[in-house]
Amino acid sequence: MYYIGIDLGTSSVKLLLLGDEGICNIVTREYPVYYKKQGWSEQDPEDWWNETIEGIKELTKDIDKSQVKALSFGGQMHGLVILDENDNVIRPAILWNDTRTQKETDYLNDVTGKKRLVDLTGNIAFAGFTAPKIMWVRDNEPENFSRISKIMLPKDYIAYRLTGNHCTDVSDASGMLLLDVEHRCWSEEMLEITGIKKGQLPKLYESYDVVGSIKKDIADDLGFGDVKVAAGAGDNAASAIGTGTVKNGDCNISLGTSGTVFVASDRYKADYENAIHNFCHSNGKYHYMACMLSAASCNKWWLENIIGTDDYENEYKNYSRSGENNVFFLPYLMGERSPLNDSEIRGMFYGMSMSTTRQDMSVAILEGVAFALRQNIDIIKSMGIDIKKSRICGGGTKNRLWLEIIANVLNIELEVPENQEGASYGAALLAVRGCSEEEYNRFLSEMKITAVIKPDINIVKKYEEKYRQFLKFYPAIKNIL
């Protein structure tokens, strides 16, 4: 049997074919992002659909298509797709990284109030969330707003086109600021605040629930038989399945362009003090998530833009692992999301002297990201989650020194999974679970770890002191901007 995982990303759709013995094929197809105005970021859902269908054909061209049993999704979160009464797209999708909604976001946080938002949804408002986008359309495009029949998230538009069903899952819906996360249902009060009706929202499912089958005409075109479609998950929740981050206290750190700390939890507990996301997990329970806007992108900026090298492998090969470095770096090159929720703050170096070297500044980049990860993890720990170790994935894991620094700063073991496919693999596993719990558990149990990085107690002590200094910088500089 075969299962397909579809990761609908911001720049491309990545499709993964999973067979009984593991990954069989991977296909990536790109599509454009449109920046019509400063701060705007939009896409045409028809581009998603066309590239997904062509990608499925390419992915399955060399297999017995009758053996494809199910597919599911991971997807870019928070995007707004609106359909009219004939299910036609009304306007281009407004993406997660679109920043036009600061006015609406401020209204929600300051007038509705952060405490009330957390009471209703488990989260405060961010400019990237879906609810502020709906309010922006209401206030700036009233004609389009009046035509809305259905409100969808990006991956759910593909599910609709495949099955004819308007559906979403609770992990992705958690990022809309419309979901009562604790009770896994739509918040009636948030619908009133945004001016929409419950009937305009899709039906809610768990990520592994089957929402239908591929429509016969599409299945015939693809050469498929009866292929079930599971609801899928937001990209980070899908990636968590792909890394086996499913049990209470399991942690996964994504060291990609941005940085993510994802911690699974069996119980719901709201965070009223910080910008930590409290979402439904794709395993049927809950998770905490902290999103840093700049992680591996800090290293890329430093090496390529400042130093002028793309030799990532050799840059850190002979660097000191002592933990003794007097230079600090704040990794806020694009502002910061978790835990600061400050779009105006920017990065900085501190502590340079006449003896400062290139090595000092390069290592400070890695340390600064590690300290910011630690800040988020400490907050999640304060909520009663015991984090003893973490899996870590993403492009930054190729840098062994960085992994050692993170292990020492966090004072936990890091595990590097063999499979780094993330959301597309997790989506395929959700498709498996929609068909067979037993097969799903088998795949989880067979996940392999290729490296374990343990903290060095002597270096841990040095980093503990430096971390305490790091925490003083943001409160000191935020008032001088």
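The analysis underlying the following values was restricted to heavy atoms, covering all of them including side chains, and did not include hydrogens, waters or symmetry mates. Just so you know, residue 1 is the first one in the sequence shown, and it goes up from there.
- Salt-bridge formation is detected for the pair Arg29/Glu51: a Lys NZ or Arg NE/NH1/NH2 atom is positioned less than 4.0 Å from an Asp or Glu carboxylate oxygen.
- A tilted orientation is assigned to the rings of Tyr332 and Phe470, their planes being inclined by 30° to 60°.
- Counting only N and O atoms by type, the side chains of Glu367 and Tyr463 include a donor and acceptor under 3.5 Å apart.
- For Thr260 (side chain) and Cys291 (main-chain N/O), no donor-acceptor pair under 3.5 Å exists by modelled atom type.
- In this structure a side-chain-to-backbone donor-acceptor pair under 3.5 Å is present from Lys150 to Gly199.
- Between Glu42 and Arg100 there is a salt bridge, since at least one side-chain N of the basic residue sits less than 4.0 Å from a carboxylate O of the acidic one.
- Between Arg138 and Glu104, none of the side-chain N atoms (NZ, or NE/NH1/NH2) sits under 4.0 Å from a carboxylate O, so this pair counts as no salt bridge.
- For the atom pair SG of Cys435 and CE of Met1, the computed distance is 8.5 Å after rounding to the nearest 0.5 Å.
- Heavy atoms of other residues, nucleotides or ligands lying less than 6.0 angstrom from CE of Met383 number more than 12.
- More than 12 heavy atoms of other residues, nucleotides or ligands lie within 6.0 Å of CH2 in Trp48, so this atom counts as buried by the packing criterion.
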From CA spacing to verdict: side chain to side chain contact (heavy atoms under 4.5 Å, CB included), Asp119, Lys115: CA-CA 6 Å; Asp119 286 340; Lys115 183 180 184 303; 3.1 Å; yes
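- Taking both residues in full, the closest heavy atoms of Ile392 and Gln420 are given as O-NE2, 3.9 Å, listed atom of the first, atom of the second, then distance.
- Within the 3.5 Å criterion, the main-chain N or O of Thr245 finds no donor-acceptor partner in the side chain of Asn252.
- In terms of heavy atoms, Leu403 sits closest to Thr397 at CD1-O, 3.4 Å.
- With salt bridges taken as basic N to acidic carboxylate O contacts below 4.0 Å, one links Glu464 and Arg374.
- To the nearest 0.5 angstrom, Ile4 atom CD1 is 11.0 Å from Ser72 atom OG.
- Remark: Lys228 NZ is loosely packed, at most 12 non-hydrogen atoms of other residues, nucleotides or ligands lying under 6.0 Å away.
- Looking at heavy atoms from C-beta onward, Gln43 lies in side-chain contact with Tyr31 at the 4.5 angstrom threshold.
- Ser41 contributes no side-chain N or O that, together with a main-chain N or O of Asp98, makes up a donor-acceptor pair within less than 3.5 Å.
- Remark: Glu273 CD is loosely packed, at most 12 non-hydrogen atoms of other residues, nucleotides or ligands lying under 6.0 Å away.
- For the pair Asn411 (side chain) and Val460 (backbone), a donor-acceptor distance under 3.5 Å is absent.
- Here the side chain of Thr121 pairs no donor or acceptor atom with the backbone of Val118 at under 3.5 angstrom.
- Panel note: side chain Glu413, backbone Ala407; no donor-acceptor pair is recorded below 3.5 Å.
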After noting the C-alpha distance and the side-chain angles of Val261 and Ile276, does the key distance pass the side chain to side chain contact (heavy atoms under 4.5 Å, CB included) rule? CA-CA 10 Å; Val261 177; Ile276 302 294; over 6 Å; no
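- Between Lys461 and Glu465 the shortest side-chain heavy-atom distance does not fall below 4.5 Å.
- Atom OH of Tyr474 is surrounded by more than 12 heavy atoms from other residues, nucleotides or ligands within 6.0 Å.
- Taking the six-membered ring where tryptophan is involved, the planes of Tyr467 and Phe371 are tilted, since the angle between them lies from 30° to 60°.
- Not a single donor-acceptor pair under 3.5 Å links the side chain of Glu189 to the backbone N or O of Leu120.
- Gln102 and Asp106 are linked by a side-chain donor-acceptor pair at a separation below 3.5 angstrom, with hydrogens and angles left out of the test.
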Before giving the answer on side chain to side chain contact (heavy atoms under 4.5 Å, CB included), spell out for Gln76 and Leu95 the whole-Å C-alpha distance, their side-chain angles and the decisive distance to 0.1 Å. CA-CA 8 Å; Gln76 51 167 299; Leu95 303 189; 3.5 Å; yes
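- Residues Trp186 and Met176 are in side-chain contact: their nearest non-hydrogen atoms beyond the backbone lie under 4.5 Å apart.
- One finds a salt bridge joining Asp169 and Lys155 here, because a Lys/Arg side-chain nitrogen approaches an Asp/Glu carboxylate oxygen to under 4.0 Å.
- Phe129 and Phe279 have tilted rings, their planes meeting at an angle from 30° to 60° on a 0 to 90° scale.
- Surrounding CD of Glu21 are at most 12 heavy atoms belonging to other residues, nucleotides or ligands under 6.0 Å away.
- Remark: Glu438 does not engage Arg442 in a salt bridge, criterion side-chain N to carboxylate O under 4.0 Å.
- Lys466 forms a cation-pi arrangement with Phe328, by the criterion of a distance under 6.0 Å to the ring centre and an angle within 45° of the ring axis.
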Does the side chain to side chain donor-acceptor pair (under 3.5 Å) test come out yes or no for Thr168 and Asp156, once each step is laid out? CA-CA 6 Å; Thr168 192; Asp156 304 323; 2.6 Å; yes
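- Within a 6.0 Å radius of OH in Tyr268, more than 12 heavy atoms belonging to other residues, nucleotides or ligands are found.
- Residue Lys285 qualifies as open at atom NZ: its count of foreign heavy atoms under 6.0 Å is 12 or below.
- The OG1 atom of Thr105 sits 9.0 Å away from atom CG of Asn341, with the distance rounded to the nearest 0.5 Å.
- Proximity of a side-chain donor or acceptor of Tyr286 to a complementary backbone N or O of Glu182 within less than 3.5 Å is detected.
- In this structure, Leu429 and Gly242 approach most closely via the heavy-atom pair CD1-CA, 4.4 Å.
- Of the candidates Tyr160, Tyr157, Tyr205, Tyr160 is the only one forming a ring pair (Phe, Tyr, Trp, His ring centres under 6.0 Å) with His166.
- Checking side-chain atoms of Arg184 against main-chain N and O of Gly284 turns up a donor-acceptor pair under 3.5 Å.
- Checked against the 6.0 Å centroid threshold, Phe126 and His78 do not count as a close aromatic pair.
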Would Met77 and Asp235 count as a side chain to side chain contact (heavy atoms under 4.5 Å, CB included) here? Give the steps. CA-CA 7 Å; Met77 298 180 68; Asp235 49 10; 3.7 Å; yes
